[in-house]
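Here the structure comes first, spelled out in structure tokens, and everything after it is commentary.
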Amino acid sequence: KSKDNGRNTYHFFEEEMDAELQSRKALEVDLRKALHAEDFRLFYQPQIDLASQRIVGLEALLRWHHPVRGDVPPKEFIRVAEGTGLIIPLSEWVLRTACREALPWAPLSVAVNLSPLQFQQRGLVAMVERALAETGLPASRLELEITEEILLNDTEHTLDVLNRLRALGVRIAMDDFGIGYSSLGYLRRFPFDKIKIDRSFVADLNNSSDAQAIVRAIIGLSQALNIHINAEGVETLEQANQLMADGCQEVQGFLYGAPMSNTAIGDLVTSLGILSGADDPALKAAS
Ligand code: C2E
Ligand code: MG
Ligand code: MG
Ligand code: MG
């Protein structure tokens, strides 16, 4: 009897795995179609300088509205894209679109997330160069976000690519800092322009002395190394005040603004009058 049960369980798992594989395959097919039809959108989340309380940059975040499934979380479809190689053309689309859409939002910078897989590809530096040349975005306005994962293997090659990207005039930010597996040694080997404290630390900031100690240590470290600091996932005023008191320079999070469509961002930055091209006399008169 127990043997029968075991067999049933086995069949059940097999069917379930089958279903998961099917759904993954279907997602892959749909991703391919979506890329072809340009069914993706970029949303942009404001990055705020704490001292001036002004928007200084925007992080581009990929969105996919699936005709049947609705909005698919990026973590989910990016994993599938990474498993199939689709991440390469998709990433190129993201980079080019972010550079093109952000061009009129000067002097704001735009931050684009890179996949670790792009570092295993030869053409990354050339691709970035091409996107800048084709869109006319000054390199100084582009920031590339990487995660500690890319420093795990083939470090020499990775550091070489990062140095060549930086030589273009592009800034490099370390995303999700503090939850990865790398040693701190890489902070000496590569001069990051920015560290983004992972939002899990920010979430615990006001109820965990450990999280607060870690955040302070990261800020202290970045100050000593002269690296700009950003805290992600700021949702409350308490968190913002604590971060400001601890010397954090830049924040992003729902408190200041969720990721928004390009039209919403365009309207926002126009109404705030922060565009360098915006010397509209009406705006000046109003201020
Ligand atoms: P990330 O780069 O760390 O992006 C920040 C994530 O935190 C975004 O999720 C953003 O919507 C969310 N977030 C921002 N403020 C808050 C807040 O106050 N509270 C909370 N709970 N969340 C907040 P999203 O857009 O779902 O993206 C998830 C991840 O997917 C990103 O994490 C990034 O790793 C990846 N991703 C997104 N777009 C791209 C892309 O174009 N290329 C690549 N390679 N990865 C991307
Ligand atoms: Mg990011
Ligand atoms: Mg992050
Ligand atoms: Mg992340």
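Keep in mind the model is a prediction, meaning the values are calculated, not measured. Whatever order the structure lists ligands and atoms in, that order sets their numbers, starting from 1.
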> Where's the contact between Val112 and ligand 1, heavy-atom distance under 4.0 Å: side chain, backbone, both or neither?
Replying inline: neither
> Out of Phe43, Tyr256, Phe254, whose heavy atom sits nearest atom 13 (N) of ligand 1?
Replying inline: Phe254
>> Donor-acceptor check, side chain of Asp193 to backbone of Ile172, threshold 3.5 angstrom: yes or no?
In response: yes
>> Checking contacts here: is it the side chain or the backbone of Val94 that comes within 4.0 Å of ligand 1, counting heavy atoms only? Could be both or neither.
In response: side chain
>> Can you tell me which portion of Lys196 lies within the under-4.0 Å heavy-atom range of ligand 1? Options are side chain, backbone, both, or neither.
In response: neither
> Would you call Phe192 and His228 a side-chain contact if the rule is heavy atoms closer than 4.5 Å?
Replying inline: no
>> Is it the case that ligand 1 has an N or O less than 3.5 angstrom from some N or O of Gln252?
In response: no
> Backbone or side chain, does Asp175 get an N/O/S atom under 2.8 Å to the Mg ion (ligand 2)?
Replying inline: yes
> Gln239 side chain to Val234 main-chain N or O, any donor-acceptor pair under 3.5 Å?
Replying inline: no
> What angle sits at the Mg ion (ligand 2) between OE2 of Glu59 and OE1 of Glu145, to 10°?
Replying inline: 90°
> Of all the N, O or S atoms in Glu232, which one sits nearest to the Mg ion (ligand 3)?
Replying inline: OE1
>> Taking 4.0 Å as the limit for heavy-atom contacts, which would you say applies to Thr147 with ligand 1: side chain only, backbone only, both, or neither?
In response: neither
> Within a strict 4.5 Å, meaning less than it, do heavy atoms of the Glu134 and Arg96 side chains meet?
Replying inline: yes
>> Please state which option from Ala173, Pro73, Ser115 has its nearest heavy atom closest to atom 44 (N) of ligand 1.
In response: Ser115
>> If I consider every N, O or S atom in Asp176, which one ends up closest to the Mg ion (ligand 3)? I only need its name.
In response: OD1
> Does Gly233 come within less than 4.0 Å of ligand 1, judged by its heavy atoms?
Replying inline: yes
> Taking heavy atoms and a distance under 4.0 Å, where does Asp175 meet ligand 1: side chain, backbone, both or neither?
Replying inline: side chain
>> Under the salt bridge (Lys or Arg N to Asp or Glu O under 4.0 Å) test against Lys194, which residue among Glu59, Glu250, Glu145 passes?
In response: Glu250
